[in-house]
Each structure stands twice: as structure tokens, then as C-alpha cells.
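FYI, the numbering just counts along the sequence from 1. As the structure is a computational prediction, the values presented were derived from the model and not from experiment.
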Amino acid sequence: MTMKKFAVLAATLIACGHACADDEGAKRNELWLDTGFATYHFQSDKNLNGRNPGIGIEYKFDDEYALTAGRFFNSDRQHSNYAGLYYQPWTIGPVRVGAVVGGFNGYPKMNDGGWFLAVIPAATFEYKRVGINIAVIPTYKNRLHGGISAQLKFKLWD
């Protein structure tokens, strides 16, 4: 995916997120600083990198929607970038559940390291100024290695 296509994707995600946000719902104006990931891989015999340091941002503009973007060192020991939209319409106690849809790059066996789209199931728990995102990444052929990733986050403002 070229940078022009990536910019179009980002603009589309922003427009869709704001269009989908419920006027009756709880509006937010929160900016979160996200860390990289700690990942448990389903294919533990492949010597994959489970420590995925990085940095990102997350802008929550509604209880169910948040925009996210960042960079991290992935399971294939390459740098990856991401940009996406969280949609988490369900709650189980204090946990929001849904998915993140977005663009990713940096995985050598997926589009030769180029950009690709993915939908990843995700759950989020937040308490005051700290939180955690949990994502379940499915294995995709021999191109992407599945696992469960945890990402810490810290609220910068609300």
C-alpha cells in the first residue's frame, strides 16, 4: 500500500468512526499513549519475538470508537506501523469487546512487508488513567503468526 492509499485509509477510518459514533452515546475526548506489545504466540516452536516494544497513540472520541496509530518491533523482528479504528460495542463487566480494523506493514511474508488490512478481535480494560488492550491475532497461512497480545496504555488527557 502506498502512502497515498494509506492516507486515504486513515481519512476513511476517521470519517467512518465519526459517522458511526452514536449521538446518544457517551462522547469522549481522550488521548492515550500506547506501549508496544507482549505476545504469546500459538506457534511457540517457531522462535518468534514475543517482546514487541513500540509506541502508539489512541484517540477515544466515543465509548465504542477509538482511532489508533503507532510503530512496534514485530514477531518477525522487523519494524511495523499500524493505523486503525477500534469498534467495541459490547461490555462484559468493565471490559469493552469488539475489534480493531486497520492497516499494518512490516511483516516480510505478507505483501513483501508492505501494507495490508486486517480485522483483529480486541478487548479493552481501563481504570482511571491506565488501561490494557488485548488482541487475538489469528494465524494466516505461513504469512502471519497468531497469538494473544497485550498492550499497556496511559491516559494523557480527557
Side-chain angles (χ1 to χ4, degrees), residues 1-20 30-62 64-90 92 95-126 130-156:
M1 180 182 294
T2 65
M3 285 306 289
K4 184 177 179 181
K5 289 180 183 177
F6 179 71
V8 170
L9 169 66
T12 302
L13 289 171
I14 292 168
C16 289
H18 281 293
C20 294
E30 299 173 354
L31 186 66
W32 293 76
L33 177 67
D34 295 343
T35 66
F37 304 89
T39 304
Y40 167 79
H41 291 96
F42 302 136
Q43 300 166 310
S44 58
D45 60 331
K46 296 208 179 270
N47 192 30
L48 299 168
N49 178 30
R51 295 182 185 162
N52 312 118
I55 192 163
I57 58 170
E58 186 177 320
Y59 174 66
K60 293 191 79 144
F61 54 89
D62 184 270
E64 297 178 359
Y65 295 92
L67 295 170
T68 187
R71 181 175 175 86
F72 65 99
F73 196 64
N74 70 31
S75 300
D76 291 323
R77 295 175 174 81
Q78 302 290 318
H79 288 283
S80 286
N81 300 295
Y82 65 91
L85 174 71
Y86 277 96
Y87 175 55
Q88 296 176 307
W90 304 288
I92 301 170
V95 178
R96 295 212 66 87
V97 180
V100 61
V101 59
F104 301 83
N105 76 357
Y107 290 88
K109 293 182 181 177
M110 191 69 176
N111 289 345
D112 294 321
W115 287 94
F116 62 94
L117 292 175
V119 177
I120 299 170
T124 299
F125 172 78
E126 298 168 353
V130 296
I132 187 167
N133 295 324
I134 304 291
V136 180
I137 298 98
T139 300
Y140 181 68
K141 301 181 181 182
N142 66 344
R143 298 178 189 171
L144 293 175
H145 306 289
I148 299 172
S149 290
Q151 179 184 47
L152 294 176
K153 61 186 199 171
F154 305 94
K155 190 186 304 184
L156 297 176

| Which class fits the ring pair Phe72 and Tyr82: parallel under 30°, tilted 30 to 60°, perpendicular over 60°? | tilted

Dump the intermediate steps for side chain to side chain contact (heavy atoms under 4.5 Å, CB included) on Ile134 and Ile148, then the final yes or no. CA-CA 7 Å; Ile134 304 291; Ile148 299 172; 3.9 Å; yes

Residues Asp76 and Pro108: closest non-hydrogen pair is OD2-CD, 3.6 Å

Before accepting this row, confirm whether a basic side-chain N of the pair Arg96/Glu126 lies closer than 4.0 Å to the acidic partner's carboxylate O. no

Exercise for review: For Tyr59 and Trp32, run side chain to side chain contact (heavy atoms under 4.5 Å, CB included): C-alpha distance rounded to whole Å, both residues' side-chain angles, the deciding distance at 0.1 Å, then the answer.
Suggested key: CA-CA 6 Å; Tyr59 174 66; Trp32 293 76; over 6 Å; no

Note: Ala99 and Val119 closest approach over all heavy atoms is CB-CG1, 4.1 Å

Side-chain donor or acceptor of Asp34 paired with backbone N/O of Ile55 under 3.5 Å: no

Would you say Asn49 and Ser75 are linked by a side-chain donor-acceptor pair, where the criterion is simply a distance under 3.5 Å? no

Apply side chain to side chain contact (heavy atoms under 4.5 Å, CB included) to His145 and Lys46, showing your working. CA-CA 9 Å; His145 306 289; Lys46 296 208 179 270; 4.0 Å; yes

Going through the checks in order, is the side chain to side chain contact (heavy atoms under 4.5 Å, CB included) test met by Leu67 and Tyr86? CA-CA 6 Å; Leu67 295 170; Tyr86 277 96; over 6 Å; no

Would you say the side chain of Gln78 lies within less than 4.5 Å of the side chain of Tyr107, judging by non-hydrogen atoms?
-> no

Do Ser80 side-chain atoms and Arg71 backbone N/O form a donor-acceptor pair below 3.5 Å? no

(Q) Looking only at the side chains, is there a donor atom on one of Glu58 and Asn133 sitting less than 3.5 Å from an acceptor on the other? (A) yes

Side chain Gln151, main chain Thr35, donor-acceptor under 3.5 Å | yes

Any donor and acceptor pair, going by atom type alone, linking the side chain of Asn111 with main-chain N or O of Gly113 inside 3.5 Å? no

Point to revise | Ring geometry between Tyr65 and Phe61 (parallel below 30°, tilted from 30 to 60°, perpendicular above 60°) | key: parallel

Next on the checklist: Taking CG in Asp112 as the centre, count heavy atoms belonging to other residues, nucleotides or ligands within less than 6.0 Å. Is the count above 12?
Outcome noted: no

Salt bridge (charged side-chain N to carboxylate O under 4.0 Å, His left out) test vs Glu30 passes for just one of Lys60, Lys155, Lys153, namely Lys155

Check: Does Asn81 reach the main-chain N or O of Asn105 with its side chain, forming a donor-acceptor pair under 3.5 Å?
Finding: no

